Each structure stands twice: as structure tokens, then as C-alpha cells.
Amino acid sequence: MLTIASWNVNSIRARLPLLLTWLREKNPDIVLLQETKIIDDQFPREEIEDLNYNIATSGQKSYNGVAILSKFPIEDITRGLSGFEDDQARYIEAVAGGVRVASVYVPNGSEVDSPKFDYKLAFLHHLYEHTQELLTYDEPLIFGGDFNIAPSDDDVYDPQAWHEKILCSTPEREALRTLINLGLTDGLRALHPNETSLYTWWDYQGRGWRANQGLRIDHFLLSSQAADRLSSATIDRDMRGAAKTSDHAPIRCQLTGDRVIS
DNA sequence: ATGGTTGCAGCGCAA
């Protein structure tokens with residue numbers, strides 16, 4: 001069994017104590033982190049290595065930043081999306097534990113039809129093109145990350161309030177659906193088809209968490225070779241209720257077997 | 001309630 005987790009930590013410096021507690025408790029084999037907000041030289045490697053993780057990072061100052069933690073050796077590390085000139089650290093990919101994984105931090109987009117929204121769609125377009133190539137490998141492949149898109153109104157606490165707003169607009173939903181339609185499986189929804197309140201993010205502001213006003217914007221997307229082995233997918237909601245926490249909850253999934261890529 | 005909260009960096013910006 002292989003456990004893969006993903007968490008937008010909103011600063012690994014601010015989240016380190018809680019991250020370490022959660023790693024000890026859940027002991028995931030592979031962890032995909034987003035919004036580490038730290039340059040690689042300052043990444044808190046030692047504390048995490050002490051829990052027997054290897055680490056691959058792609059960070060920058062103040063914003064963005066992604067990383068992969070793995071109990072297995074991390075091989076074939078690539079940073080950024082092929083063919084996409086981007087000075088923002090939002091994508092890191094590697095092979096570990098017999099699966100190809102990537103930590104993905106899709107741009108938020110700010111407001112629909114803003115320049116940042118155009119950048120969001122451009123990122124998704126290049127993720128689509130890169131995925132087309134990855135799928136030709138016929139490997140177990142898992143994207144985990146903050147996609148900043150709620151796939152449908154079922155993933156939103158108040159669809160009317162969010163109608164055509166950022167994270168929920170038609171163009172970004174179409175971009176995500178097009179990506180998934182290449183042959184990927186939305187792991188959380190596939191295993192919880194009728195679950196309401198399947199949320200991964202709650203706004204810090206207002207009554208967000210207290211009133212369970214959440215959105216499902218963090219996802220696992222699996223190739224068929226990975227989806228065939230998917231046995232569980234869960235949201236660690238309790239972490240969102242912890243003190244000094246991120247506005248995102250971690251997500252975790254389990255694959256049967258291990259080390260399929262030889 | 002055009003507010004509210006958090007983190008970084010050093011107080012406006014991104015989310």
C-alpha cells in the first residue's frame with residue numbers, strides 16, 4: 001500500500017510544527033506540498049529528514065513554492081511545465097515509490113477576466129499539453145495539489161454566491177474538465193460520488209471554517225494505471241480545525257501494491 | 001459590512 005498526500009500549507013515556515021505533527025500521525029509515503037513560500041536554501045530540511053523523508057523543492061521568495069517529500073528515493077525531478085516560461089514556482093514532478101507524482105499549484109486567478117486569470121488559463125493549457133505527453137508513458141501518474149478550481153457546484157457550499165466567480169467560473173471549469181477528459185480520474189470525487197461538504201478549503205475570513213463554508217479546490221488526478229489501484233481518498237478536515245493552521249486541509253489517498261515502475 | 005484573515009516582509013500584496 002502506498003499513501004500519497006497533498007497539502008497547501010500556506011508557508012512551510014509558519015506550518016512546520018503542525019506539518020511535523022501530521023506527518024508523524026499519518027505517516028504518508030509521499031507528500032506533495034504547495035505554497036511553501038520559501039527559497040530552497042531556507043527550506044527546513046533537517047526536521048523533515050529526521051522523519052525519514054527525502055525532499056525535492058522548487059521554491060521562491062515570499063510566494064508560491066512546491067515540494068515533494070518521499071520515504072522512497074526521489075528520481076527524475078523536473079521543475080516547471082515543459083514549454084512554459086514561468087518565473088513562479090508552481091510545478092515539481094518526480095518518480096518515487098513506483099509512481100510518477102507532481103505537486104501542482106495552479107494560479108488563483110484573482111478575478112475572472114483579469115490578467116492573472118489569463119495567466120491561470122495559460123498555466124492550465126500548458127499543464128494540459130504536458131499531461132498529454134505524460135500519459136503516453138502508460139505509467140501510474142498522480143497529480144496532487146491546489147488547482148484553485150471547484151469542478152462543479154456540488155463542490156461549493158453556496159453555488160449561487162460563487163456563480164461565475166473566481167474558482168468557479170465556466171472557463172476555468174472547462175479547462176479542468178478538458179484536462180481530466182484526457183483520461184484522468186478525480187480521486188476524491190470518484191470515491192465519494194454523493195458526498196456533500198467534500199471541501200478542502202475554507203476562507204480564513206469571516207465564518208468560513210466555523211460555518212463549514214468550504215470549496216473543493218484541492219485534487220488528486222490519476223492516470224488509469226494509478227486509478228486502477230486507488231483504494232481510498234480522504235480529506236484531513238481535523239487539520240483545518242487545528243490552531244495555527246492553513247486555510248487548506250490536507251488530502252490523502254492510498255494505492256494498492258507498490259513500485260510498479262521498475 | 002467593498003468587510004473580513006493570514007503570511008511575508010517590512011505595510012502593500014497575494015490569497
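Letters A, B, ... mirror the listed sequences (proteins, then strands); counts begin at 1. These numbers come from the heavy atoms of this one structure, side chains and all, not from hydrogens, waters or symmetry mates. Not measured: the values here are computed from a predicted model.
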Margin query: Applying salt bridge (charged side-chain N to carboxylate O under 4.0 Å, His left out), can you list everything that pairs with A:D186, at least two apart in sequence or on another chain?
Written below: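 Only A:R216 meet the salt bridge (charged side-chain N to carboxylate O under 4.0 Å, His left out) criterion with A:D186.
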Margin query: Going by the rule side chain to side chain contact (heavy atoms under 4.5 Å, CB included), which residues pair with A:A161 if we only count those two or more places apart in sequence or in a different chain?
Written below: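 Side chain to side chain contact (heavy atoms under 4.5 Å, CB included) check on A:A161 returns A:D158.
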Margin query: Which residues pass the side chain to side chain contact (heavy atoms under 4.5 Å, CB included) test with A:P17, not counting sequence neighbours?
Written below: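 For A:P17, no residue satisfies side chain to side chain contact (heavy atoms under 4.5 Å, CB included) once neighbours in sequence are set aside.
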Notebook entry, point to check: Looking at A:K37, does any N or O in its side chain come under 4.0 Å of the phosphate oxygens OP1/OP2 on B:dA14?
Noted result: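 For B:dA14, OP1/OP2 do not have a side-chain N/O of A:K37 under 4.0 Å.
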Notebook entry, point to check: With a non-hydrogen cut-off below 4.0 angstrom, is A:R90 in contact with a base, only sugar-phosphate, or nothing?
Noted result: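 The answer is sugar-phosphate, as A:R90 gets under 4.0 Å only of primed atoms, P, OP1 or OP2.
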Note to self: Please classify the nucleic acid contact of A:R207 as base, sugar-phosphate, or nothing, using heavy-atom distances under 4.0 Å.
What the structure shows: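 Since no nucleic acid heavy atom lies under 4.0 Å of A:R207, the category is nothing.
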Checklist line | Residue-level proximity of residues 108-118 of chain A to DNA chain B when a heavy atom falls under 4.0 Å | finding: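 Nucleic-acid contacts, sorted: A:N108, A:K116.
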Check: Applying ring pair (Phe, Tyr, Trp, His ring centres under 6.0 Å), which residue pairs with at least one partner in residues 215-243 of chain A are found, sequence neighbours left out?
Finding: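 Qualifying pairs: A:F147-A:H219.
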Next item on the list: May I have all residue pairs that pass ring pair (Phe, Tyr, Trp, His ring centres under 6.0 Å) and include part of residues 4-47 of chain A, sequence neighbours excluded?
Entry: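 For residues 4-47 of chain A, and leaving out neighbouring residues, the ring pair (Phe, Tyr, Trp, His ring centres under 6.0 Å) pairs sorted by first residue read A:W7-A:W22.
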Note to self: Taking B:dG4 as the reference, what is the distance to B:dA15 when you measure between their C1' atoms (whole Å, please)?
What the structure shows: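 Between the two C1' atoms, the distance is 13 Å.
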Notebook entry, point to check: Can you tell me how far P in B:dG7 sits from the matching atom in B:dG3, rounded to whole Å?
Noted result: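 After rounding to an integer number of Å, I get 22 Å for this pair.
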Item checked: Spacing between A:D218 atom CG and B:dA15 atom P, to the nearest angstrom ->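 Distance check: A:D218 CG to B:dA15 P gives 15 Å.
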